[in-house]
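See below for the structure under consideration.
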Amino acid sequence: LMDASVLVVNGGSVVQQVIPQLSLSSMAQRTYIIDIAWVPLSHVMLCIITNAFVKVYDLSTDIYCPVHNYVLMSGTIASATFGQDPASKAVILFVLTSNSTLYSQDLCDGDSDNGPMFLTNMLELDCLKANQVDGASLHYSPSLQLLFVACAHGKAFVCQ
């Protein structure tokens, strides 16, 4: 996937189409959309997850410049999901790389004012390192407050 569209529906009819401007086709490397998700607790914050970056757009204000723009220092993104800190209720972005490195990042206002931010908060998970598996997918269960990590070759892990 190279583009994303959001359809605003009212009374069963499409009243507006919003298209965040990703400009993926103009990038030198092969960048493509992996997933699209709404930021928890928001009706206007849309997250575009690609193999090279994670961008969060506030569609109520701007479809060109993301309010959050996260990149890796090296490697590619396999999956991303959102969780929530049970104590502070802060929204947390979890990013899994194709080589099974897991990152976490609190979504804070204005943290991308100066362009892309490198993901640096690595979560050290012995189960991922010991099994030397390729990362495939993430899922966060808000009701259980658990993060599920699926890896290649049928291995899966649960983190609390």
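Keep in mind the model is a prediction, meaning the values are calculated, not measured.
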Practice task
Report yes if the side chains of F53 and V95 come closer than 4.5 Å at any heavy-atom pair, otherwise no.
Solution key: no
Practice task
Please examine the side chains of P66 and V56, heavy atoms only from C-beta on, and report whether any two atoms are closer than 4.5 Å.
Solution key: no
Practice task
Report the distance from atom OG1 of T101 to atom CG of L72, rounding to the nearest 0.5 Å.
Solution key: 8.5 Å
Handout entry: Heavy-atom donor-acceptor pair, N121 side chain to Q105 backbone, under 3.5 Å
Key = no
Handout entry: Any donor-acceptor N/O pair, T50 side chain to T31 backbone, under 3.5 Å
Key = no
Practice task
Go through the steps to decide whether L59 and I63 satisfy the test side chain to side chain contact (heavy atoms under 4.5 Å, CB included), and finish with yes or no.
Solution key: CA-CA 6 Å; L59 298 179; I63 61 170; 4.1 Å; yes
Practice task
Identify, with sequence neighbours excluded, every residue that meets side chain to side chain donor-acceptor pair (under 3.5 Å) alongside S42.
Solution key: none
Exercise for the section: Would you check if there is a donor-acceptor pair between the side chains of T76 and S98 at a distance under 3.5 Å? Expected result: yes
Handout entry: Between CG on residue N69 and CD1 on residue I48, distance to nearest 0.5 Å
Key = 12.0 Å
Practice task
May I ask whether L41 and V39 are part of the same hydrophobic cluster, defined by side-chain heavy atoms of I, L, V, M, F, W, Y residues being less than 4.5 angstrom apart, directly or through others?
Solution key: no
Exercise for the section: Taking the side chain as every heavy atom from C-beta outward, state whether S79 and I49 have any pair of such atoms under 4.5 Å apart. Expected result: no
Problem - Flag side-chain contact, heavy atom, 4.5 Å: Y140 against I92 - result: no
Fill in the blank from the handout: Distance col, row C47:SG vs L107:CG, nearest 0.5 angstrom, shows 8.0 Å
Practice task
Flag the pair H68 / V54 as yes when at least one side-chain heavy-atom distance between them is below 4.5 Å, and no otherwise.
Solution key: no
Exercise for the section: Decide whether Y64 and I36 are clustered together by the hydrophobic rule: side chain heavy atoms of Ile, Leu, Val, Met, Phe, Trp, Tyr closer than 4.5 Å, transitively. Expected result: yes
Problem - pair Y32-N51: side-chain heavy atoms closer than 4.5 Å - result: yes
Problem - Pairwise distance CG(L123) to CG(L147) - rounded to 0.5 angstrom - result: 8.0 Å
Exercise for the section: Check whether any side-chain heavy atom of Y103 sits under 4.5 Å from a side-chain heavy atom of T97, and report yes or no. Expected result: yes
Practice task
Take F148 and L138 through the test side chain to side chain contact (heavy atoms under 4.5 Å, CB included) and record every step on the way to the result.
Solution key: CA-CA 6 Å; F148 296 86; L138 287 175; over 6 Å; no
Exercise for the section: Could you check if a side-chain atom of D106 sits within less than 4.5 angstrom of a side-chain atom of V91, using non-hydrogen atoms only? Expected result: no
